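Have a look at the structure below before the remarks.
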Amino acid sequence: MKVLIVAKTRMGKGACIGAITEDGKSVRLIPFNDDPHNGANREYEVGDVWEISANPVTDLIPPHIENVVVSEKRRLRTANDLIGSINRFMPPKDGHPCGLFDGLLQSTENGALYIAKQNGVPPYSTTFWQPDQPLIRDTAGKRVRYRYPAENGSCTFTFVGFQEPLEVIPAGTLVRVSLAHWWRPKNNAEERCYAQLSGWFFKEEPERSIKLESPLPQTLHQTPIKVLKDVFGHEQFRPLQEAIISHVLNRHDALIVLPTGSGKSLCYQLPALIFKGLTVVVSPLISLMQDQVMQLQQRDVCAAFLNSTLSHSEYVATMQRVKRRKIQLLYVAPETLLRPEILLMLDESHVACLAIDEAHCISQWGHDFRPEYRQLISVRERFRNAVCVALTATATPRVQQDIKQLLKIQAENEFIASFDRKNLFIGIKLKEEVLKQTLAFLNTHRDESGIIYCQTKKQVESLFRNLVERGISALPYHADLDSETRKQNQEAFINGDTQVIVATIAFGMGIDKEDVRFILHVGLPKEPESYYQEIGRAGRDGHRADCLLLFNYGDADTIKYFIDQGAPSEREGALKRLQTLVDWATSAECRRKGLLAYFGEHYEEQNCGMCDNCCQTEMERVDLTGPARKFLSSVIETKEIFGVEHIINVLLGSKVKKVVKNRHHQLPAYGTGREYNKTQWKHLALQFLQHGLLKRDAQYGSLRLTNDGRAVFRGETQFIGFPVNPIDHITEEPTTSNVTSEKTDSYVHELFEQLRTKRKELADAERVPSFVVFHDRTLREMVAQLPQSVEAFRQVPGVGPVKVKKYADVFLPIICAYCQKTQVDGRKAFQRRKKERSRTYISDPILTTKPRDDSTVAVEITPDVIDREFTQDSFPHRLLTELARSDEDAQALQIGYEMIQEVKK
Ligand code: ADP
Ligand code: ZN
């Protein structure tokens with residue numbers, strides 16, 4: 001049968017439980033094999049609905065005639081309307097307590113109410129009452145008593161409930177009164193049972209009881225910086241974090257636009273620990289929300305999520321915890337948040353903050369519009385007193401405007417960080433041979449982690465296999481792999497067990513890995529937003545990372561094809577965004593400038609020094625008027641209706657069908673360009689396009705001359721450009737990670753492996769991914785700093801007090817044993833590491849510098865630059881001024897330059 005729990009009374013270590021059955025009878029639940037005094041029955045909560053199998057008890061001793069023995073039980077849910085059910089099934093008495101228990105109550109001289117056995121017993125032992133006077137807490141005596149003030153002396157009830165006692169229970173409150181066991185006072189023959197107060201019900205909890213029931217006030221009244229250190233284990237705020245957090249704590253709404261990896265989550269997680277109420281976080285990605293919750297729980301933060309992955313009982317249990325205010329941060333999917341029972345639950349839960357992650361999904365102008373996000377507007381209205389924090393990493397000015405307007409966030413309440421990721425080198429190359437170009441690129445990133453983005457799953461599989469065949473440590477990731485494999489591959493990448501991940505855009509959301517050193521796009525993304533998001537996964541540690549995009553027009557055409565197949569309402573916007581990306585990829589302007597302009601930011605610098613176009617301007621230029629005129633002639637002679645490929649075929653004197661069929665083999669331009677090969681012509685054509693000699697039709701890809709082009713064609717102006725080299729020097733034999741790792745000291749490696757093994761053990765025991773215990777970078781820091789005391793351990797970045805408590809005892813012995821074995825001085829290691837951490841590594845396509853253990857600097861020259869031409873002026877000058885951030889760097893670069901000159905001789 002189903003029962004609704006209405007009473008829970010203290011009984012030794014356990015509880016005495018009163019319930020109402022479906023047919024309105026009252027029952028007391030007796031555990032069948034355990035004594036309630038011994039801890040049984042505590043799992044029931046007032047307001048729960050349980051399914052039970054129960055047998056009536058035969059030898060009933062009044063007044064507890066409602067006893068049933070429960071043999072099996074299962075919690076079903078929380079009642080929707082507990083007070084309503086009580087009123088319906090067990091209507092409360094009003095007024096004076098003399099009306100309770102069929103008028104059988106009497107009082108002792110000090111006011112205690114009881115029933116004397118000889119006067120008969122009522123047919124029930126629990127009843128409800130709405131006193132007409134407030135019940136006042138009696139502080140005298142050991143036990144808590146409540147006094148009902150009456151004219152002829154007061155009546156008192158001992159309180160035996162589980163709630164936190166209130167000072168005053170207001171008149172009219174629904175309270176529960178139950179009879180205790182029979183008892184025979186000394187010097188008195190008469191058996192009595194006393195009436196006890198076992199709890200009360202409020203439609204809405206008064207403020208005071210919230211405070212007392214709130215389980216987690218440890219961080220209340222603490223300063224943000226203290227919470228940052230104690231809970232999150234970070235030493236200081238990142239740019240903007242502090243300002244945002246104090247703004248939010250002052251209960252001002254905020255639109256937060258910060259690049260991926262800059263620490264957005266902290267902007268609501270930290271205030272959530274200081275706010276008195278609940279912080280609701282709306283997040284569209286289930287795996288992300290699970291990761292975040294897991295990481296918070298590891299830090300002893302009471303966080304939970306509600307989404308479709310939970311079983312019914314987990315779902316209900318989480319709701320219960322929210323209602324009982326045992327949760328500080330609740331993550332929900334937008335569609336979950338919109339469910340009526342969730343909204344009602346939140347109505348009762350004092351929502352202090354509503355954080356909307358990926359807020360750009362609310363805007364139709366964004367690249368990732370989600371209709372369910374639109375309905376968040378009404379949720380925001382419903383919880384008008386909650387602070388609303390909208391967060392996103394990618395929002396054009398138009399989208400920012402939209403978010404603010406829809407969520408009613410005041411214009412001035414916005415925090416928009418610069419989108420400029422200074423440490424990312426952005427380059428674009430014409431796509432020629434994907435595999436060769438990939439290998440050449442990987443060759444400049446030996447032993448470094450990186451992501452290769454492909455357009456399709458098929459492309460992922462084939463490239464991944466090709467790389468593995470050549471000994472590169474790589475794994476695939478795309479939507480067709482089963483979720484277990486995807487998870488494993490992702491983890492292997494995050495933990496550094498695999499060097500490269502070859503993936504579709506499905507990969508990367510919420511990846512928290514700091515040392516991603518490169519992003520290679522072998523296919524064109526479909527809009528600047530995705531491109532920016534994808535490259536944003538590199539270089540989160542602030543060190544240099546390389547982003548290379550292999551571009552061709554064919555990829556753009558493929559995307560266009562899919563846009564045409566898609567929803568007509570989204571077509572216009574999608575085409576516009578694609579065209580913007582294509583224009584940007586084929587422009588000769590600073591890459592940073594164009595990308596930032598798209599996100600509404602004006603880039604001031606003349607030369608960013610960290611993109612291919614800016615770096616190229618340093619290169620020597622040559623007069624390319626000759627080849628330009630040849631190319632332009634070919635375009636004109638073919639009537640300006642053909643694309644790059646065809647024009648080049650004509651210049652090269654190709655006999656392909658399309659040339660012959662159009663009789664283009666009879667044109668004057670035919671075969672006039674044999675001094676360059678196809679690849680070289682493609683590079684030239686791109687330069688002509690970049691410098692505006694030609695315009696490419698977005699629809700058909702055909703080329704037309706511009707006025708500038710005509711001037712060059714007529715010989716009125718020169719065209720100066722970059723010399724075309726043969727395809728970038730490519731080594732077919734890339735070095736794999738295991739070949740270069742000999743650079744690492746073997747014993748350092750040994751400690752790292754030991755710590756990793758231990759971490760895996762702990763993670764498996766706790767059933768969480770390894771990085772939840774510690775990130776790789778934290779382990780590396782341990783290896784570098786060699787902490788040997790709890791205090792030193794606490795100072796390792798990424799540790800923090802909670803993890804000190806949990807893990808210091810496990811990791812410190814390993815480190816100490818290692819130091820003893822190798823006789824390394826831990827304190828020296830710490831000092832050296834501190835110094836090192838303040839330095840920057842340089843990793844240019846030309847050369848790489850790294851601090852060595854003996855505090856000198858290692859310089860590595862990238863093999864394929866040896867063949868490139870540099871003048872004394874162009875190469876070192878730029879590097880010295882742009883890249884060198886310390887004297888040591890400058891010195892290293894100078895040495896590097898001299899080494900190149902040496903090799904060239
Ligand atoms: P976002 O949501 O902006 O992509 P996250 O909130 O996931 O970024 O943060 C990225 C990483 O930065 C996380 O590993 C986080 O622990 C770390 N982080 C955030 N704030 C700080 C800080 N003040 N100091 C050090 N690390 C931080
Ligand atoms: Zn630039």
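Atoms within each ligand, like the ligands themselves, are counted from 1 in listed order. Scope of the values below: all heavy atoms of this structure, side chains included, with no hydrogens, waters or symmetry mates. Nothing here was measured: the structure is a model prediction, and the numbers come from that model.
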Worksheet item: Is Leu406 atom CG crowded by more than 12 heavy atoms from other residues, nucleotides or ligands, each under 6.0 Å away?
Response: yes

With sequence neighbours left out, the residues meeting ring-ring contact (aromatic ring centres under 6.0 Å, His included) with His247 are His252, Phe415

Checklist entry - Centres of the Tyr598 and Tyr532 rings: under 6.0 Å? => result no

(request) Kindly say whether the aromatic ring centers of Phe493 and Phe507 come within a distance under 6.0 Å. (result) yes

Should the pair Phe599 and Phe419 be assigned to parallel (<30°), tilted (30 to 60°) or perpendicular (>60°) ring geometry?
parallel

In Glu534, Lys431, Lys429, His521, the residue satisfying side-chain contact (heavy atoms from CB on, under 4.5 Å) with Leu549 is His521

Output for pair (Asp546 CG, Met610 CE), nearest 0.5 Å, gives 7.0 Å

Within a distance under 2.8 Å of the Zn ion (ligand 2), the protein atoms of type N, O or S are Cys590 SG, Cys608 SG, Cys611 SG, Cys614 SG

Return a table of N or O atom pairs, ligand 1 on one side and protein on the other, at distances under 3.5 Å, rounded to 0.1 Å.
from, atom 1, to, atom 2, distance (Å)
ligand 1, 2 (O), Ser265, OG, 3.4
ligand 1, 3 (O), Gly261, N, 3.4
ligand 1, 3 (O), Ser262, N, 3.4
ligand 1, 3 (O), Gly263, N, 3.2
ligand 1, 3 (O), Lys264, N, 2.9
ligand 1, 3 (O), Lys264, NZ, 2.9
ligand 1, 4 (O), Gly261, N, 2.6
ligand 1, 6 (O), Lys264, N, 3.4
ligand 1, 6 (O), Ser265, N, 3.1
ligand 1, 6 (O), Ser265, OG, 2.5
ligand 1, 8 (O), Gly263, N, 3.3
ligand 1, 12 (O), Arg238, NH1, 3.2
ligand 1, 12 (O), Arg238, NH2, 3.2
ligand 1, 14 (O), Asp512, OD1, 3.1
ligand 1, 14 (O), Asp512, OD2, 2.8
ligand 1, 14 (O), Arg777, NH2, 3.4
ligand 1, 16 (O), His234, NE2, 3.4
ligand 1, 20 (N), Gln241, NE2, 2.9
ligand 1, 23 (N), Gln236, O, 2.8
ligand 1, 23 (N), Gln241, OE1, 2.9
ligand 1, 26 (N), His234, ND1, 3.4
ligand 1, 26 (N), Arg238, NH2, 3.3

Contacts satisfying salt bridge (Lys or Arg N to Asp or Glu O under 4.0 Å) that involve residues 592-609 (not counting sequence neighbours) are Asp420-Arg592

Q: Using a strict 4.0 Å threshold on nitrogen-to-oxygen distance, state whether Glu527 and Arg577 make a salt bridge.
A: yes

